[in-house]
Amino acid sequence: EVQLVESGGGSVQTGGSLRLSCVASGFTVADYAMGWFRQDSGKNRWGVGIIDVDGETRYAPSMAGRFTISRDNAKNTLYLQMDSLEPEDTATYLCAADQRQNLGVGSWMAYWGQGTQVTVSS
């Protein structure tokens with residue numbers, strides 16, 4: 001059974017940093033495209049970024065330069081390093097996985113975690 005479990009969310013002040021983790025089970029992250037999304041209180045969901053099997057990463061324009069996606073194949077875990085956080089980054093962050101490659105940031109993916117809450121205060 002495919003399962004994705006996010007952790008690492010919390011409350012920070014503007015300019016702070018957080019690192020989110022997404023532990024995968026039931027499949028190997030090295031063989032899947034992995035993505036991060038965020039969802040607001042109205043359940044609107046946006047793509048944050050994606051990492052392909054070959055390690056190529058792509059980001060939404062507003063996150064490029066502040067957010068970094070990485071993957072630890074030995075731990076079967078996906079990460080999202082978030083720096084220079086702003087109140088507008090407040091959301092639930094979800095990780096996702098899909099066997100297809102070269103997806104655009106924000107493209108629907110096959111498997112989803114439940115999310116972890118990030119709150120940024122001014």
Side-chain angles (χ1 to χ4, degrees):
E1 178 187 5
V2 171
Q3 192 170 17
L4 297 165
V5 179
E6 303 93 335
S7 63
S11 297
V12 296
Q13 292 188 322
T14 297
S17 298
L18 282 173
R19 188 175 82 152
L20 307 183
S21 300
C22 172
V23 178
S25 58
F27 72 102
T28 302
V29 297
D31 297 333
Y32 280 64
M34 302 293 296
W36 283 101
F37 294 74
R38 65 188 189 186
Q39 180 172 290
D40 65 17
S41 57
K43 303 298 184 183
N44 300 300
R45 189 174 294 183
W46 292 274
V48 171
I50 195 167
I51 182 168
D52 278 336
V53 168
D54 63 3
E56 178 184 346
T57 53
R58 295 181 293 284
Y59 300 92
S62 63
M63 293 109 185
R66 297 190 302 125
F67 290 9
T68 304
I69 293 174
S70 62
R71 182 180 64 209
D72 186 330
N73 294 338
K75 295 182 178 180
N76 217 36
T77 299
L78 178 73
Y79 299 101
L80 178 65
Q81 176 68 40
M82 304 188 294
D83 299 316
S84 302
L85 284 163
E86 304 164 351
E88 293 74 22
D89 295 318
T90 295
T92 298
Y93 284 74
L94 304 96
C95 69
D98 200 298
Q99 287 185 292
R100 296 172 296 164
Q101 300 300 303
N102 299 312
L103 295 171
V105 175
S107 296
W108 188 257
M109 302 183 86
Y111 304 104
W112 294 84
Q114 294 298 308
T116 185
Q117 178 67 34
V118 171
T119 302
V120 185
S121 58
S122 57

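Note: hydrogens, waters and symmetry copies are ignored here, and every other heavy atom, side chains too, is used.
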Heavy-atom pair with the smallest gap, counting every atom of Leu4 and Ala24: CD2-CB, 3.7 Å
Arg71 versus Asn73, side-chain donor and acceptor atoms under 3.5 Å: yes
Contact check, side chains of Arg38 and Asp89, non-hydrogen atoms, under 4.5 Å: yes
N/O donor-acceptor pair under 3.5 Å between Asp98 side chain and Arg100 backbone: yes
Check: Asn76 side chain, Val29 main-chain N or O, donor-acceptor pair, under 3.5 Å: yes
Among Gln101, Glu56, Met34, Met109, the one residue meeting side-chain contact (heavy atoms from CB on, under 4.5 Å) with Ile50: Met109
Any side-chain heavy-atom pair of Ile51 and Ser70 under 4.5 Å: no
Side chain to side chain, Val118 and Met82, heavy atoms closer than 4.5 Å: yes
Whether Phe27 and Tyr32 hold their rings parallel, tilted or perpendicular, with breakpoints at 30° and 60°: tilted
Closest contact, heavy atoms only, Cys95 versus Leu78: CB-CD2, 4.0 Å
Thr90 (side chain) donor-acceptor with Val120 (main chain) under 3.5 angstrom: yes
Student check: side-chain heavy atoms of Cys22 and Trp36 closer than 4.5 Å: yes
Minimum side-chain heavy-atom gap Asp52-Arg58 below 4.5 Å: yes
4.5 Å side-chain heavy-atom contact, Tyr79 and Arg19: yes
Centroid separation Trp112 to Phe37 less than 6.0 Å: yes
Under 3.5 Å donor-acceptor, Asp40 side chain and Lys43 backbone: yes
Heavy-atom closest pair, residues Gly47 and Ala60: O-CB, 3.5 Å
Between CZ on residue Phe67 and OG1 on residue Thr57, distance to nearest 0.5 Å: 14.0 Å
Point-to-point distance, once rounded to the nearest 0.5 Å, from CD of Glu86 to OG1 of Thr14: 7.5 Å
Closest approach of Leu94 to Gly113 (non-hydrogen atoms, all atoms of both residues): CD2-O, 3.4 Å
Evaluation steps, side chain to side chain donor-acceptor pair (under 3.5 Å), between Gln39 and Arg45: CA-CA 4 Å; Gln39 180 172 290; Arg45 189 174 294 183; 2.6 Å; yes
Side-chain H-bond candidate by donor/acceptor type, Ser121 with Gln13, under 3.5 Å: no
Gln114, CD atom: more than 12 neighbouring heavy atoms under 6.0 Å: no
Expected output: side-chain Tyr59 to main-chain Ile69 donor-acceptor under 3.5 Å: yes
Side chain Arg66, main chain Ser84, donor-acceptor under 3.5 Å: yes
Nearest heavy atoms of Asp83 and Ser17, plus distance in Å: OD1-OG, 2.8 Å
